[in-house]
Amino acid sequence: MEMLEKKYDHKSVEEGRYELWKENHYFDSGVSNGEPYTIVIPPPNVTGKLHLGHAWDTTIQDACIRYKRMKGFDALWVPGMDHAGIATQAKVDKRLKESGINPRSLSREEWTRHAWSWKEEYACNIKNQWAKLGLSLDYNKERFTLDEGLSKSVRKVFVDLYHEGLIYRGTRMINWDPLAMTALSNEEVIYKDIEGAFYHIKYPIKDSDEFLDVATTRPETMLGDNAVAVNPNDERYQKYIGSTVILPIVGREIPVIADTHADPSKGTGVVKITVNHDPNDYEVGKKHQLEGITVIGLDGKMNENSLHFQGMDRFVCREAIVQELKEKGYLLGVEKIIHNVGHSERTDVPIEPIVSKQWFVKMRPLADDVLQLQKDKNQKVHFLPSRYEKIMNHWMEITYDWCISRQLWWGHRIPAWYKGEEVYVGMDSPGDDWIQDEDVLDTWFSSALWPFSTLGWPQVTEDFKRYYPTSMLVTGYDIIPFWVNRMTFQGLHFTKTRPFEYCYIHGLIRDKEGRKMSKSLGNGVDPMDVIEEYGADALRFYLATSTAQGTDLRYDPEKVRSTWNFINKIWNASRFVMMNINGIEEKEKSYNDHDKWILTRYQNTIKDVTKYMDKYEFQNVGSILYKFIWEDFCDQYIEMAKFSLKENSTKVVLKEVLIGILKMLHPFMPFVTEEIFQNINASSETIMLSSYPSYDKTKIYKTEETKISDILAFVKTFRTLKQEHHIGKEFAVVYQNNEDYSFISKLLKLDGHVLEEKEGDFYTVSYHNYSLKLFDEKEITLEDQMKNEKEIETLQVSIEKRKKLLSNDNFCKKAPESLVLEEKQKLELELKKLETLLSNRNAF
RNA sequence: GGGCGUUUAGCUCAGUUGGUUAGAGCAUCUGCCUUACAAGCAGAGGGUCUGCGGUUCGAGUCCGUAAACGCCCACCA
């Protein structure tokens, strides 16, 4: 046994440990023949560094995996990363531009080579960060969304869905990102409140002096207007239905149509219809057979249909048009408003609704299957906390077809080939004279298959058979619509089962003021910096145990620091144990009272911790362990053990309880627990593969536990009284009776203070069966008496309340018997205490 | 418009089948260098659990209602 260093030094403890674990294959699955327990990591994007949110997310998973592994499960944690289409492409383009290369001047093949080298670089960074965090990932199973196997499953899913009629190609109005120059799904559009205006424009009625007041937030689209609509029931405008208005500036004639889309209560009740630039108008246009005119191009600039505005950016054009309308007398007014505008999730530019030919997944049948699944208690995905199930179900109810094609180079190429008008969808090219679709699939299309594609699907591999469906998925609530929902319907459709039994949802990490961590606010925290300062163990324990399931976490460095203190405490307690267990005999049958006290509490701790680990309530695990270790083990037991260090039983108990503590902490603080464990066992055996403590009721000693607890309560009463009355070193005590006072004397360090008998004023200190007289040399002051009186008063109130409660027939009849008994005992204790206080009063 | 969450000590948060003296960390106050740890030890103070109403012998916990803050979804010419 090597002695530990005097101080806990997280750097030297963590240094090199991960590499040893990895080399020794401790992370490998398939070693245990226990029941499989599987988690697939939410694959981080290969676009940058891991942030605190990743650290949180992966710590939770690692804690689960390590716990289950110690419990004898065949634990598999699948690592991997996501190619992150738009995000990565944007980063690669940016880097190319910075080195003076126009990314679009490269061929697709050349560009892709750059992207892969980017991927290698960032994947390497991420793996280093995983190592720093101590994640026990099985690297034998590592996957990347663009690797060969996963690409094959992506194609298989596409092809199958196509043949089932659940994927189709069609011309629809979609969300277009003019900066990334690609289509987006509805989920990738973020609505933000921004300042804008209602522009009231005069649309003159043909051959008349009259006009219609049309309000719009997007005047630039008027160049493409196809009609003006009023509600058929709106009396104000009945007479105009069927007439013609002249589009200002443009001079084009467009009809006034009747459609319920026009809401009489909104604006002026007259709405312009721009079929090609608004989703609602698009629908109206279809109904009324209006031919759309596109005026904004894919790059967000006004196109050849926009007169002298051609070439202007859409927002520059807005200003220009408003100016011209004003000059020509068509502008009736401008009304400033705050309105919601859709922005691209990735590039943050306002999205442009455009009409385009894209690939879609037909959602209704797939979503209905999930809704059906969730009605089956035995087959459903169980959310933790359960309220998040509603988020998924709601999405499944309202979802519309998913636009899956992206006009990018980085991703899975759509397995569709064209020859003239012919379309072929299949796993491979049908021949050289066919041209493959240029587009790639939405990143989430491949992510949706992650739980099973990583395990070898569509092949029915050994891994797939053994580890699928997975046990648990851990992610933030913000990812539910993008990922959890899609994994669920794809998993269900293709594997006929839920992809994971449980879905553990955590919140977002915020700063101390509750703001989201973001680059623009500059309030982000790099987990690697925290690890440098306090170590991965402190960060992990803090992250895993600080909040209840599903709630946000306000990051507080002070708490990481206090977790470091906690580890330092464990470190020092371990040093104490190791200093005092020389010559230990491992077999021991007889224990003294305080040994039995801690053994009993230790067993109860195992029971509670196991219960909460199984329920994934880590907050509770954390507080139980913290309290047990710091208060029971360190503050109380170690102090008592100092009286019996020569006894083998105490050595055995110190070692047994410490090892149990290390094991229970290990899922959260893998490094330091391993370090101490190996030192104390003087072997290279790893704590990772040791067995988790299990509850043993034969080691519960109720009588002794109660007795020592009473003694400790008595000791506390004594100390409180001594401090409150400023009793210094000169004092004397006289015992009222003689039971167990040698133990109490040691705890209170009373050597030399105990007298047989003494006359004069004294305080009585008592708790339960223990009682003594405490004499102080200095006079008892008025202040002391006041304190005593105040205590008597509050105690009397409490006694009255309890008496009243116990005399309530309803309470005695309806409350559980044990509670009534407990109340009676409490009353008894209070009455005894009152007696003591009253006798103190008499002494004054 | 539909839904969800939060509101508990100065601050950040626990409190999961309702049980009567509501907990922790940090901060504050007092006394201690007690040989594992002063990043520590021994004590103390601090809360009418957002308001109102209800169910109950008993409510931080369940029900109803109001408010503040936050989030999600949908719509917004």
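Just so we're on the same page: letters track the sequence lines, and every chain starts at 1.
Residue pairs meeting the salt bridge (Lys or Arg N to Asp or Glu O under 4.0 Å) criterion with at least one partner in residues 256-270 of chain A, sequence neighbours excluded, are A:Asp259-A:Lys287. Contacts classified as salt bridge (Lys or Arg N to Asp or Glu O under 4.0 Å) and involving residues 214-230 of chain A (residues at least two apart or in different chains) are given here: A:Arg218-A:Glu220, A:Arg218-A:Glu352, A:Glu220-A:Arg318, A:Asp225-A:Lys272.
Every residue meeting the side chain to side chain contact (heavy atoms under 4.5 Å, CB included) condition with A:Ser709, not counting sequence neighbours, appears here in chain and number order: A:Trp597, A:Arg601, A:Glu705. For A:Arg561, there are no salt bridge (Lys or Arg N to Asp or Glu O under 4.0 Å) partners, not counting sequence neighbours.
At least one side-chain nitrogen or oxygen of A:Lys642 sits closer than 4.0 Å to the OP1 or OP2 atom of B:A36. Listed pair A:Lys804 / B:C57 fails the phosphate criterion, with no side-chain N or O lying under 4.0 Å from OP1 or OP2. At B:G43, one or more side-chain N or O atoms of A:Arg719 fall inside 4.0 Å of OP1 or OP2 (strictly under the cut-off).
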Distances for protein N/O vs nucleotides 3-6 of chain B N/O pairs under 3.5 angstrom?
none

Please tabulate, one pair per line, each protein N/O and nucleotide N/O from nucleotides 17-21 of chain B that are separated by under 3.5 Å, including the distance.
residue : atom : partner  : partner atom : Å
B:U21   : OP1  : A:Arg802 : NH1          : 3.3
B:U21   : OP1  : A:Arg802 : NH2          : 3.4
B:U21   : O4   : A:Glu830 : OE2          : 3.4

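Counting to the nearest Å, the P atom of B:U34 and the CG atom of A:Asn572 are 16 Å from each other.
A:Ser546 comes within 4.0 angstrom of the backbone, heavy atoms only, and of no base.
Dense packing is recorded around NZ of A:Lys569, with more than 12 heavy atoms of other residues, nucleotides or ligands lying under 6.0 Å away.
With hydrogens and angles ignored, no donor-acceptor pair closer than 3.5 Å exists between the side chain of A:Gln723 and the base of B:A44. Between the base of B:U12 and the side chain of A:Lys559 there is a donor-acceptor pair shorter than 3.5 Å. Taking only distance into account, the side chain of A:Glu617 meets the base of B:U16 through a donor-acceptor pair shorter than 3.5 Å.
The residues A:Glu639 and A:Lys642 are annotated as salt-bridged, a charged nitrogen and a carboxylate oxygen being separated by less than 4.0 angstrom.
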